[in-house]
Each structure stands twice: as C-alpha cells, then as structure tokens.
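In what follows, chains are A, B, ... by sequence order, proteins preceding strands, each numbered from 1. Every heavy atom of this structure was used, including side-chain atoms; hydrogens, water molecules and symmetry mates were not.
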Number of protein chains: 4
Amino acid sequence: MALVFSSGSPAGGPRSAPQILGAAREVLSAQGYAALTIEAVAAAAGVGKSTIYRWWPSKEALVADALAEIFRAEEIPDLGDTRAELRHAVDMTIDNYANEDMAASLPALAAGLLHHPELLARFRESFLSRKRENIAAALRRGVRRGDLPDDLDTDLVQDVWAGTIVYRRLMTGAPLDADLAERLVRLVLHSPPLRAPREEAAPGGASPSRLDPAPEGKVRRSPG
Amino acid sequence: MALVFSSGSPAGGPRSAPQILGAAREVLSAQGYAALTIEAVAAAAGVGKSTIYRWWPSKEALVADALAEIFRAEEIPDLGDTRAELRHAVDMTIDNYANEDMAASLPALAAGLLHHPELLARFRESFLSRKRENIAAALRRGVRRGDLPDDLDTDLVQDVWAGTIVYRRLMTGAPLDADLAERLVRLVLHSPPLRAPREEAAPGGASPSRLDPAPEGKVRRSPG
Amino acid sequence: MALVFSSGSPAGGPRSAPQILGAAREVLSAQGYAALTIEAVAAAAGVGKSTIYRWWPSKEALVADALAEIFRAEEIPDLGDTRAELRHAVDMTIDNYANEDMAASLPALAAGLLHHPELLARFRESFLSRKRENIAAALRRGVRRGDLPDDLDTDLVQDVWAGTIVYRRLMTGAPLDADLAERLVRLVLHSPPLRAPREEAAPGGASPSRLDPAPEGKVRRSPG
Amino acid sequence: MALVFSSGSPAGGPRSAPQILGAAREVLSAQGYAALTIEAVAAAAGVGKSTIYRWWPSKEALVADALAEIFRAEEIPDLGDTRAELRHAVDMTIDNYANEDMAASLPALAAGLLHHPELLARFRESFLSRKRENIAAALRRGVRRGDLPDDLDTDLVQDVWAGTIVYRRLMTGAPLDADLAERLVRLVLHSPPLRAPREEAAPGGASPSRLDPAPEGKVRRSPG
DNA sequence: AATTAATCGAGACGGTACGTCCGGTCTTTTA
DNA sequence: TAAAAGACCGGACGTACCGTCTCGATTAATT
C-alpha cells in the first residue's frame, strides 16, 4: 500500500520509509501506542527526527501508515460458496484485530483523529473503505446466489462484524477464535434484521420468513 | 458511583473531587482525550497538581472516574415486555456512546490500559461488569418469559450490541439512531447464532426451533 | 553579586543556582561561548533544562550571571597614592579581561544584546556601572589630591583603559602585562586631552595649544 | 578585496559571490549577527546552500568576507599635516565601527575564532594588518616631521584608538563623534607614555627621565 | 558543435539544540 | 495538618539549522 498519510512529495515517502515503518511497528509492539514517540521511532530506525516530520504530519499519520502495511484488506476470492466467503471475510477481520497493536492503535487513532477531519477521512478511506468494499462485493455475490436477502444492509453487517471483534479484543478481552467467526458468519446468513433501512421501513412478510427456516440448508446447498 | 480508580485513602477521594472530575469532563469535552493533561485539569479545578496525583495514579484513572459518573449502567426495569426491555438496554448503550467524550475516551482508555492489567481489570469491572450484569438480568427475564432461547449467549449479545455501537460511533461515523437500536434488538430476538458456545458445539434441533418461531411470533406481531 | 539577569521570583534564583552558574563557567572555559548550550549546562549541572529556563530568559542572561560572579568590580581602596590607585584600577580591569572567557564572552554578549535593550541596559548596569563608579571614585580622589586635572573626563579614561585592554585581548592578541598597565596609568596621569567635554569646547589658551609642556606641569604643580 | 576566507579554488569564489555577500550583509543588518544563518543567506541570494559551503568553511568566514568589502583600510594620504592625517586615521576607524553590523560582528567573529587559530590569523591579517600598516605609515610620517616622538609605539596607539572606539560603540554606547575623534588625535600628539616598550625599559633622555623617577614619589606626596 | 567536467539550484538526509510543555516527585506556604 | 502552590528533574514535543550528500540542470571549456 502506498503511504497514504505521508504528505511530502509525490514520491510518497523518504528513502528510509521501510526502516521507519518497521521501527514504528517494533516500538508499537514493545511499548504500546501511548508510549510510542517519534524520537524512539527515529532512533530505532537510525534516522533523524526531521526525516519523519518531513514526511508525516503527526504520530497518528505515521502509525496509520505503519499499520496500513499489515492491515488486511484484500479482495475476497470468489469461492463459489457464500458461507466460505463470509468466513474468509470474518477471518480477515479477526486477523486484523487479533494483532494487539492494531486493536489498541486503530481505536486510539480514530479517537485522536476525531478533531482532524481531513486525516480522519483519509484514515477511514484507506483502512476501512477498501476492506469494506471488498467484503461488500462478496456479500453481493451471496445475494446474487440467493444465499443472502437481496436487501441486505452490507454496511450494518460489517459494523456488526468488526464492532464485535474490536470490542471483544479491546474491552472484554474475550477470545477471537473460530467459534466466534462461525457465529458471526451465521448471524448474517440467518438474521432477518440485517437489511437495508428502506426495507425495514416497509417490511414485507415474505423475505424474512424465507430466511429463517431455510438458510442453513440453503447455503450449504449452493456450493454443492 | 464511588471513585473506583482513586487509590488514596478509604475516604474515597479529596474534598475537591467534584470540582476535579467536573473539570476533567470539561477539559475532555473542550480539548479531547489526547489533549487532556493533569495540569490543565488541576488549573481548571483550581487545585494543585499534587492533589490529583495523591488520589489518582494516572490520567487514565482520573478520566475513568470522571466518565464513570456519567456512564449509564443502571438496572433495566422489569417492564413485562422483553422487546421493550431489550430496547431499553440498547438505548442505554447508545446513550453512553453517543457522548463523543465517552466514545473517544473509553477505547483510548482501554488501549492505554492494555499494559496495566490491574487498572484494566478495575476499568472493565466498573464500566462493563455492572452494566453487563444488569443487561444480562433483563436478557434472563426474556429467557424465562420464553422470548429468548434459554441457551442465549448473553455475553455475545452484549459484545454485538456495544461493539456495533462503538464501532459506528468511532470508526464509520454512522448515526446511532432509533433505526439502529431497533435492528440490534431484533437481531437478538430472531437470530439463532447468538447462543452459548456449548450449545453451538452440539446444535440440537429443539432449542433453536423454540427460538425461531416463538420470538418472531411475539415480536412479529408489531410489524405484521 | 545577586543574580541580576535571573527573572523569576524575588528569591533571586533556583536552589541549584551555584551548580548552574559553575557549570556554565566550566562549559564556557572548555567549549567557548559559541558552543555553550543550555542543554550542556543543564547536563553538567545535573539539572533539568526547565530549571534554567524558568530563571533565565536566555543563554545571554545565564552567561551574564555566571560571569558576573567572577567579574571584579570592587571599590578601589584609598591608598593615599593616586598612581597606586590608578594601577589598582587598571590591574582590576586587566584581571577581568585576561580571563579568556570574559574577553570572548562580554563582547559577544554585548553584541548579542544590541537588539534586547532591556537586557543590554541591565548588562551595562551590572557589569560596567558598578565598576566604573568605583574607579571614578578613585579618579576623583586623584583630582582632589591635585594629581589629576579637575576637569578629567572619567568616562573617557575608562573607555580608553577598558577598550585598549579588551581590544588587545580579543583582536590583536597582544599581552596584557605590567608594562601595558603602567602605560595606561601614565596615560591618565600625564595626558591633557582626557578631560571633560565642556573644557574641550572652550579651550583655554595654554593647555590645549601646546599640550606637552603644560599638562605635565599642571599635574605636577597641583600637588606641589 | 579578494575573498580571503573563501577556501575553494584559485578562482576565488563562486559566480554568485556578489549576491551571496550582499545577501549576507542584508541579513546581517536586518537580523543581526546571531540570527544570521547560512540557509537564510542562501535563500536571500537565491543560491543553494552547498554553493556557500563549497566556498566558505563557516559562517564566520562568510561574514568576514562580507564585512571585508565594506571595511575601510585604505592608505592615509600624505596631507603634509600630521594632525590632519591622524584625524583621517581616527575617522576611518570610527567609520568602520559606527556601522552597527561591524561593531557587533567583528568582536563576535574574533570571539568565535579564538579557538580556530588559522582563521583567526587570517581574520587579523585581512582586517587589521592592512589598516594598521597604513595608519602606521602615517604615524611614521608624523615622526619624520618631528610632530611625534621617534619612539612612538604605533601598535599601542592603534590599540588605544580602535579599542576606545569599539568599546564605546559596543559596551557603553557612547557616541562616536567629532569630539571623540579630536581627543583621540590629541592623546597621541601630546601623550608621552605612548611610546615603544624598549624605550620604557631603558628610559633615555628628557621625557622619560622626568616621568620615571618622579611620579611615584610625586603622587605619593599628594595625600601626605 | 558536441562532449565533458565543473558548478550550480534544490533540497533530503542524519543530527543537535532550541524553547515549550507536561509528567510525576518533592518542598514550601497558607489557611 | 491537609492541601494549595509550585519548584524541580526529566524527557518528548515540533521547529530550525547544521553540514553532508545526492540529484538533475545549466554552463564553459575542451575537443
């Protein structure tokens, strides 16, 4: 991923960007986000402070770029199996937040950027939008296959998934294991309320009813 | 709520605790969590720095106590109506995180405490446990009433609720409105996967079946 | 001498003032004025930078106070012998500037303060005025004794003395020895032009016209 | 004057030397010596930093060359009138130091060069030697004419002149006016002590003899 | 006229020090 | 006699320059 928070030149970053971002991740793992200082990163990277400040406007931007390199947001491959694709999507999300640095830093970043709208927008764009779009594509495939309701609210699905995962990791400390992944997948495969708002406003009788009894069997059938 | 992070004397805090916590909330609202400094709070409260340090071991603890005063964790009243009680619980959670200070500070607090296990435990205890227990009580009432499956995983329910709400507030910026509340309520009323782990491992036919038809029926009455 | 450049409180300086000023002089001797940094002084004194900045507004002020402690400006004792007192005065001045730190730092200080009128005024006051007044007192004693012309320009005398000494030390590098001292003393004992301006403005016949014979006689005559 | 501190090639400086030295003087006047930075000069001259560093080893050398261009050190014309020539010499010196940049920079330069013997030597050579030799020539003419004692110490004369002028300009802030010039001229025309050291050590004819034996006793008598 | 070497502008780089702010401890003063 | 006030040491902040360095883009002189 290009350095989306680096703000220097079109070149996209200093020659020593790899060392700097690597050092940032090292310090992050060793000390935690709050204890991460630009000076420590510069020292660990064997770089002058000014090289960092020349290219990144703030600690937030630097950490964002450092984490962006290890944040998974790739496309969900078309497996022909909706359940498998959903599981892939959930696993990707869990992967991202199982990393303690990520779990601790992303909310801190978002919180810290609440008053920097431009950076916050870039943060959301680079971290969330790509991943969300890729997951949404998989969800739409599921809809096309008839495995998911065609009025599925893909945004809410992702808020539930990522929210639950981050919240567990950060607040309750509960494990992010296969069981959780499986339940989050099924939540989408079988849960009527996860639909687009307009549909909620005028709820038809048929579509939810179709979902509830059938889904387990239906989804299983689709790849086969 | 008593001062759970104040660690000085049995008295539970300095004479000027109200001013200090009030000043902390003011500074928090005005400047944000990252910009909150002990010095600024001391100055705003008309208090010496040492008075704060005497009673709170860190900025995190101070903010935690300040927020604890406005964090809703009261019991869910027994309304005789499971759906209404669930809605009450969700609304309480939304209330908590609709406050920008809370949404920004709690994850930052949790992230900052990841390396301070004792404080983190107290933080989870005071912020989450009471609220979760109260909500769990309401959920159990729903189970007793037969509106919710008796193997409902109350922890997962709350992770999904709070996670989705915090994530929206902090990461996607999506609104926390009545529509969201309603969907989160229905997610629990109708969604089979939100059950206790052991039940998932050996999914019987009965228990889910009881869930699906019954609650939908009860709840279904409103839209239908 | 009190800390004339320290600008904190009436107390007149930090507890560690002696260490700080001592460290400043050490660094000054070892590294020179240009290489003296506040950080180096703080480190050498075992003190935080902020302690220095709290009490001294600038490097200039700190160095001024450090040098003020070793700058000789004491009263010239009444020896009953004008020549001896003048020699005492010149020796004192030479003492001050023979110190390389002083010779290098005072002009640099003055140069650096040219755009800080308030500090420059205090600098002149504390360094020059006291010394000049004490020397002027000795010169006036010489006038009273009849050894010096009663219209002697005491300011010019001191400008010539100190100027010559500093210039030698700094610019030409010529030695500041007993011979120089003796000649500077005699320059005043025997030189007619070193008189107050008003006398110059209205030159009387004899003394200005042919300077050499008259003044010597005048000086010689006065005691006789 | 050639660029005596430029140390690059035999060519004697970069193509843009005039702009660079001009910019240096501009910055010097506008900001003062301490605030003069190579970067500021480069920017003001529209030149890359490396062009300056290629040709001048330090800020001191650059400033020295910049000031050398406006430092008066020309020959004193033979006016046939010793007093007029001395006045010319003194006026030239006053001219040089009436310039605030010069007054502030030369001592700072000298102070800064105290630990760079080679540059200090070149500095003294280029700034002082030429001027001093030209003035010494005028003084020797005065000696030949019989207006000045033939054992006049031309170095001391010049130390007294320049020292007094610089000291006034920098330390006391007293004016450098025609009155001062006139008095400095007469000091030399009429003052016996301004003679060569050897003569003092072995006092010859009239003037020293009168001086040496008498004064101590003479002065001592006055109080008694 | 083309080639080549020096010089230039621009500015990134690893650093040092700046002067400010705040953390957390400790001492003094006040009520 | 507790708490206010705030001095203190330490250390990170973000900025400004340092002096070195690489990089094309002129220039100028040599072929």
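Among the nucleotides E:dC22, F:dG19, F:dG14, the one closest to any side-chain atom of A:K49 is F:dG14. Out of F:dA7, F:dC13, F:dA4, the shortest distance to the side chain of C:W55 is found at F:dA7. Checking E:dC13, F:dC13, F:dC8 against the side-chain heavy atoms of A:R54 singles out E:dC13 as nearest. When each of E:dG23, F:dT20, F:dA12 is scored by its nearest atom to the side-chain atoms of A:T37, the top-ranked nucleotide is F:dA12.
Put simply, CD1 on A:I20 is 10 Å from C1' on E:dC13, counting in whole angstrom units. Atom CG in A:L62 sits about 11 Å away from atom P in F:dC13, given to the nearest Å. Rounded to whole Å, the distance from CD on D:E60 to C1' on F:dC17 is 14 Å. Per the geometry, OH belonging to B:Y53 stands 18 Å off P belonging to F:dA3, to the nearest Å. Atoms CD (C:Q19) and C1' (F:dC8) sit 12 Å apart, rounded to a whole Å. Rounding to whole angstrom units, CD1 of residue C:I52 and P of E:dA17 are separated by 14 Å. Rounding to whole angstrom units, NZ of residue C:K59 and P of E:dC18 are separated by 8 Å. Protein atom CD1 of C:I38 is 9 Å distant from nucleotide atom C1' of E:dG19, rounded to whole Å.
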All N/O contacts under 3.5 Å from nucleotides 27-31 of chain E to the protein, with atom names and distances to one decimal?
none

Passes side chain to side chain contact (heavy atoms under 4.5 Å, CB included), B:V47 versus B:Q19? Steps please.
CA-CA 9 Å; B:V47 144; B:Q19 294 97 289; 5.6 Å; no
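Judged as a salt bridge (Lys or Arg N to Asp or Glu O under 4.0 Å), and not counting sequence neighbours, the contacts of D:K49 are D:E39. Listed by chain and residue number, nothing satisfies the ring pair (Phe, Tyr, Trp, His ring centres under 6.0 Å) test with A:Y33 (two or more places apart in sequence, or in another chain).
The backbone N or O of A:A61 sits less than 3.5 Å from a side-chain atom of A:S58, completing a donor-acceptor pair. Side chain of B:K59 to main chain of B:T37: no donor-acceptor pair is present (N/O by atom type, distance under 3.5 Å, no hydrogens or angles).
Between D:S16 and A:G46, the one whose closest nucleotide on DNA chain E sits nearer the 5' end is D:S16. In terms of position along DNA chain F, the nucleotide closest to C:G48 lies nearer the 5' end than the nucleotide closest to the other residue of the pair A:A40 and C:G48. Nucleotides of DNA chain F nearest to A:E39 and B:V47 differ in position, and the one nearer the 5' end is that of B:V47.
To the nearest 0.5 Å, atoms CG (D:D101) and CG (D:L28) are separated by 4.5 Å. D:I52 contributes atom CD1, which lies 9.0 Å from atom CG of D:L21 (distance to the nearest 0.5 angstrom).
An OP1 or OP2 oxygen of E:dG9 is reached within less than 4.0 angstrom by a side-chain nitrogen or oxygen of D:T51.
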